[in-house]
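Let me begin by presenting the structure, written as structure tokens, before commenting on it.
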Amino acid sequence: MVNLIWIFMVIIGLLFSFYNGTTAEVNQAMFEASGNAVELVIGFIAIFTFWLGMMEVAKKAGLLSMITSICSPFLSRLFPDLPKKDPSFGFIMSNVTANFFGLGNAATPFGIKAMKEMQKLNPAPDKASRSMVTFLCLNTAAITFFPATIVSLRLTEGAADPLDIVIPAFLATLVSCTAAIIYDRISWQIVSRRRK
């Protein structure tokens with residue numbers, strides 16, 4: 001569906017440029033935008049490589065396992081439907097850690113694996129379980145200590161101080177994540193009462 005929307009937008013844009021006689025400007029803009037996209041990706045590579053490398057080192061050193069063990073009581077309370085030793089906890093913690101460092105793209109594979117593990121325990125496979133909804137809230141409004149993607153973008157665009165958004169972003173995501181979890185708890189209480 002998204003591809004069809006893109007094709008529709010491109011065709012409408014080209015037809016409009018033919019009608020207005022601005023085909024040359026459209027061609028120039030297309031090539032400039034492609035070049036900017038490549039520069040942007042190259043700018044991302046350095047910071048993503050660094051943080052993904054740090055994540056891999058932390059994983060092999062056992063730091064992620066240790067953090068998962070430390071956070072286990074909190075995770076058990078947050079996901080009461082999951083057994084304490086469920087493998088989804090490891091993926092959830094990896095996802096939270098990746099989001100903590102603002103690595104949205106790196107967090108996605110961990111999130112998908114966590115969802116797959118939770119789906120195995122889902123009593124109604126055609127609907128999202130309580131844990132899956134909670135995880136979606138946690139992932140969407142994740143606490144971000146270091147927004148690596150935004151910092152990389154600001155660095156690429158020549159911001160005077162690319163790091164000046166770190167503290168505001170951390171506080172904003174702390175509030176948003178807390179609000180999302182509170183909303184999730186309240187919603188679940190309302191749904192539970194209606195079912196009774």
Which atom pair, heavy atoms only, marks the closest approach of [X] to [Y]?
X    : Y    : result
A159 : P162 : O-CD, 3.7 Å
S176 : A141 : O-CB, 3.7 Å
G21  : E25  : O-OE1, 4.4 Å
P83  : F89  : O-CE1, 3.0 Å

Hydrophobic clusters here meaning ILVMFWY residues chained together by side-chain heavy-atom distances under 4.5 Å, can you tell me if [X] and [Y] are in one?
X    : Y    : value
V191 : Y183 : no
I181 : V133 : no
I167 : L174 : yes
I7   : L15  : yes
L171 : L163 : yes

- Message: Within a 6.0 Å radius of atom CD1 on I12, are there more than 12 heavy atoms belonging to other residues, nucleotides or ligands?
- Response: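 It does: I12 CD1 has more than 12 such atoms within range.
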- Take atom CZ of F145 as the centre, draw a 6.0 Å sphere, and report whether it contains more than 12 heavy atoms from other residues, nucleotides or ligands.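 Result for CZ/F145: open.
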Please report the interatomic distance [atom1]([X]) to [atom2]([Y]), rounded to the nearest 0.5 Å.
X    : Y    : atom1 : atom2 : answer
I182 : S187 : CD1   : OG    : 11.5 Å
L78  : L138 : CG    : CG    : 6.0 Å
M93  : F100 : CE    : CZ    : 9.0 Å
S88  : L82  : OG    : CG    : 4.5 Å
N95  : M115 : CG    : CE    : 9.0 Å
M132 : D81  : CE    : CG    : 11.5 Å

- Could you check N20, N27, V26 and say which one makes a side-chain contact (heavy atoms from CB on, under 4.5 Å) with T23?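 Exactly one candidate clears the test, N27.
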- Backbone N/O of F79 and side chain of R130: donor-acceptor pair under 3.5 Å: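 Not a single qualifying donor-acceptor pair exists.
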- Task: Please answer whether the main-chain N or O of F170 pairs with a side-chain N or O of T173 as donor and acceptor at a distance below 3.5 Å.
- Result: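 Yes; judged by distance alone, with no hydrogens or angles, the pair exists.
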- Is there side-chain contact between M118 and N122, with at least one heavy-atom pair below 4.5 Å?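 Of all side-chain heavy-atom pairs linking N122 with M118, none is under 4.5 Å.
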- Item | Student check: side-chain heavy atoms of E117 and I92 closer than 4.5 Å |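 Side chain of E117 against side chain of I92, heavy atoms only: no contact under 4.5 Å found.
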- Walk me through it: do F8 and L4 pass the test side-chain contact (heavy atoms from CB on, under 4.5 Å)? CA-CA 6 Å; F8 177 76; L4 290 175; over 6 Å; no
